[in-house]
Amino acid sequence: MLFRQRSLETPHGTLQTPVLFPVSNIGTRSSDNTPEYTESIPDLSTAMVNGRAIRRRDPQWQRLLEGASLREEMDVSPETIIFADSGGFGFQQNTVDTTPEETLETQRQIDADIFGTVDIPLSRDNRQAENQRRIGKSIEYALEASDRHDGDEALIASVHGYDPETVRNTIRHLERKGDFDGYAVGSLVPIRTAYEKVTKIILAARRATDKHLHVYGLGGLNYQPLLLYLGVDSFDSSSFIKSAGKRNYLIPGFGGEPLKNIDELSHLPCACPVCSRRSFEAIRNDRDLLTRHNMWALALELRRFRYMAAADVELEAYLDLRFQANRETKRAYRLAKQQVRRLA
Ligand SMILES: [Zn+2]
């Protein structure tokens with residue numbers, strides 16, 4: 001069994017893992033912003049922010065330099081554990097416009113607890129040589145961050161590769177040459193439907209290190225249980241916002257359903273504080289309510305998995321049921337199960 005429960009010490013407290021980091025958007029377009037949630041969902045006292053975007057956003061960055069607290073700006077509790085990534089996915093079309101030094105400075109300024117190293121994500125459309133160059137660059141950036149970092153914050157090296165060997169060798173190399181509290185696998189979002197490939201890459205990472213393992217971007221409803229099964233310690237997701245934008249309603253244990261397919265219904269099938277008393281109509285017509293519910297759905301999916309583990313339910317039996325509903329994810333789970341068993 002690869003599923004594991006650990007803890008990670010951070011300046012804002014002990015992080016119990018496995019855990020989800022909801023992606024926090026704090027831009028100017030308020031409809032895309034992440035609603036307050038740390039008060040209402042007590043076991044979701046975490047947030048993932050994009051350090052680069054925050055630094056490039058005046059006047060907010062000016063306010064932070066003058067002593068404002070990012071947690072206050074985000075309207076989350078002061079104890080919230082913040083994971084600041086480098087925002088590397090923004091480099092896809094451009095050249096890298098930051099350095100490990102500047103990124104660390106930004107991460108310290110926003111008082112983050114977990115620092116992701118600067119990276120240049122891969123693209124499935126790139127030539128192999130170009131992806132290889134990016135992998136090398138990301139390794140260089142991670143090692144430079146390791147040299148420069150000496151605080152209590154957890155330093156997590158970003159790791160990329162489209163085959164298990166590359167990911168395994170990268171982690172082993174970083175482990176020998178640097179000093180990291182864990183690793184984060186990136187570049188998987190563009191290949192997320194290639195379940196077998198993604199599963200093999202994550203398993204290679206899990207086997208290469210016993211330290212904290214994060215997977216960037218795949219913390220949505222259907223990937224979440226798979227990642228837990230593969231022994232991943234944390235993941236992030238913005239699917240609660242994106243789904244709400246498309247009027248998709250996330251149902252824990254099932255998936256995302258477009259509300260436009262429903263003509264008439266009195267109430268939605270959820271007992272979260274958003275849905276329990278409001279009518280279907282009221283929620284369908286309010287994107288903010290949908291976002292809040294979708295966030296609950298992600299939290300409930302994780303709670304359910306934790307419950308099964310605590311109650312000593314055989315996790316494979318639970319997942320057999322969990323993935324019944326969707327042909328694609330059922331196949332993905334079957335592949336993951338075969339690979340996990342091969343390891344046993
Ligand atoms: Zn709900």
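Whatever order the structure lists ligands and atoms in, that order sets their numbers, starting from 1.
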Ring centre gap for Phe3 and Tyr229 strictly below 6.0 Å: no
For residues 253-266, dump all side-chain donor-acceptor pairs below 3.5 Å to protein atoms at least two apart in sequence or in another chain.
none

Residues clustered with Leu321, ILVMFWY side-chain links under 4.5 angstrom: none
Side-chain donor-acceptor pair present, Asn222, Arg322, cut-off under 3.5 Å: yes
Within-2.8 Å protein N/O/S contacts of the Zn ion (ligand 1): Cys270 SG, Cys272 SG, Cys275 SG, His293 ND1
Polar side chain donor-acceptor pair, Glu328 to Tyr195, under 3.5 angstrom: no
Non-neighbouring partners of Lys246 that pass side-chain hydrogen bond (donor to acceptor under 3.5 Å, both in side chains), sequence neighbours left out: none
